[in-house]
Amino acid sequence: MVREHPFFQRLTSLGLPVDNYVIGGSGPMFAHGLRKEIGDIDVVASGAAWSRALELGQPEAAPLGYAQHVVLFDGTVEILDGWFGYPVDILILEAEVIEGIRFMPLTRVLEWKVKFMDSKVGREKDRQDIALIRRYLQYGEA
């Protein structure tokens, strides 16, 4: 399911070392079946994966200013060197591996979405995502 999605096919075509990145944003929700569609994938990278990203495109400040990012494939794949102040290497270490791809655990996605909502920058979609993740974690259903 995950690897069949065009965004993940594009990601795997880049040849990033799989032990040096983790998927954040709504990608983990997609991997768990909580989202049927996603607008892009956020790839949080370090080490060799970030070095590869720099070979593929020019880094610039991410929209919320917390990291640098390289935007590829018309914005459908975004590679970032940070994630809302979390240590990138820890995010990679605690990842869940689904179909050979590292994803942030839903508990971590929930944590940063709640933090994001509390920052007054939160979006309505984040509020909906919080409810979906909480229901899934509590009852095991999408």
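Here the side chain of R10 pairs no donor or acceptor atom with the backbone of T76 at under 3.5 angstrom. Under a 3.5 Å cut-off, the side chain of R52 and the backbone N or O of L14 do form a donor-acceptor pair. Not one N or O on the side chain of N20 forms a donor-acceptor pair closer than 3.5 Å with the backbone of G47.
Residues V70 and F73 are members of one and the same hydrophobic cluster, defined by side-chain heavy-atom contacts under 4.5 angstrom among Ile, Leu, Val, Met, Phe, Trp and Tyr. In the hydrophobic clustering of this structure, V114 groups with L34; members are Ile, Leu, Val, Met, Phe, Trp, Tyr whose side-chain heavy atoms approach within less than 4.5 Å, directly or through other members. No chain of hydrophobic side-chain contacts below 4.5 Å, direct or via other Ile, Leu, Val, Met, Phe, Trp or Tyr residues, connects F30 to V109. The same ILVMFWY cluster, assembled from side-chain heavy atoms under 4.5 Å apart, contains both V43 and L54. The cluster map of Ile, Leu, Val, Met, Phe, Trp and Tyr, joined by side-chain heavy atoms under 4.5 Å apart, puts V22 and I41 in different clusters.
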Requested in this report: Test side-chain contact (heavy atoms from CB on, under 4.5 Å) on H69 and D42 and set out the steps.
Outcome: CA-CA 9 Å; H69 72 159; D42 298 317; over 6 Å; no
Query raised in the report: Given W112 and M104, is the side-chain contact (heavy atoms from CB on, under 4.5 Å) satisfied, shown in steps?
Result: CA-CA 11 Å; W112 73 258; M104 282 184 200; 4.1 Å; yes
**Report entry** Derivation and outcome, side-chain contact (heavy atoms from CB on, under 4.5 Å), residues L110 and I130
**Finding:** CA-CA 6 Å; L110 177 62; I130 289 168; 3.8 Å; yes
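In this structure, CD1 on I38 lies 7.0 Å from CG on D40, to the nearest 0.5 angstrom. With rounding to the nearest 0.5 angstrom, the NZ atom of K36 is 12.0 Å from the NE2 atom of H5. Atom CG of L132 is separated from atom CZ of R134 by 11.5 Å, given to the nearest 0.5 angstrom.
Heavy-atom minimum distance, M29 versus K113: SD-CE, 4.2 Å. For the residue pair D81 and A67, the shortest heavy atom distance occurs at OD1-CB, 3.3 Å. Scanning both residues, I98 and A31, for their nearest heavy atoms gives CD1-CB, 3.8 Å. Contact between L80 and W50 at its shortest, heavy atoms only, is C-CZ3, 3.7 Å. Taking every heavy atom of both residues into account, A45 and I79 meet most closely at CB-CG2, 3.8 Å. Across L16 and A49, no two heavy atoms sit closer than the pair CD2-O, 3.6 Å.
Heavy-atom contacts from other residues, nucleotides or ligands closer than 6.0 Å to CD of E55 number more than 12. Within a 6.0 Å radius of CD in E4, other residues, nucleotides and ligands contribute 12 heavy atoms or fewer.
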Got a list of side-chain donor-acceptor pairs under 3.5 Å for residues 83-97, not counting sequence neighbours?
| from | atom 1 | to | atom 2 | distance (Å) |
| --- | --- | --- | --- | --- |
| Y86 | OH | E111 | OE2 | 2.7 |
| D89 | OD1 | S46 | OG | 3.0 |
| E94 | OE1 | R108 | NH2 | 2.9 |
| E94 | OE2 | R108 | NE | 2.5 |
| E94 | OE2 | R108 | NH2 | 2.9 |
| E96 | OE1 | H32 | NE2 | 3.2 |

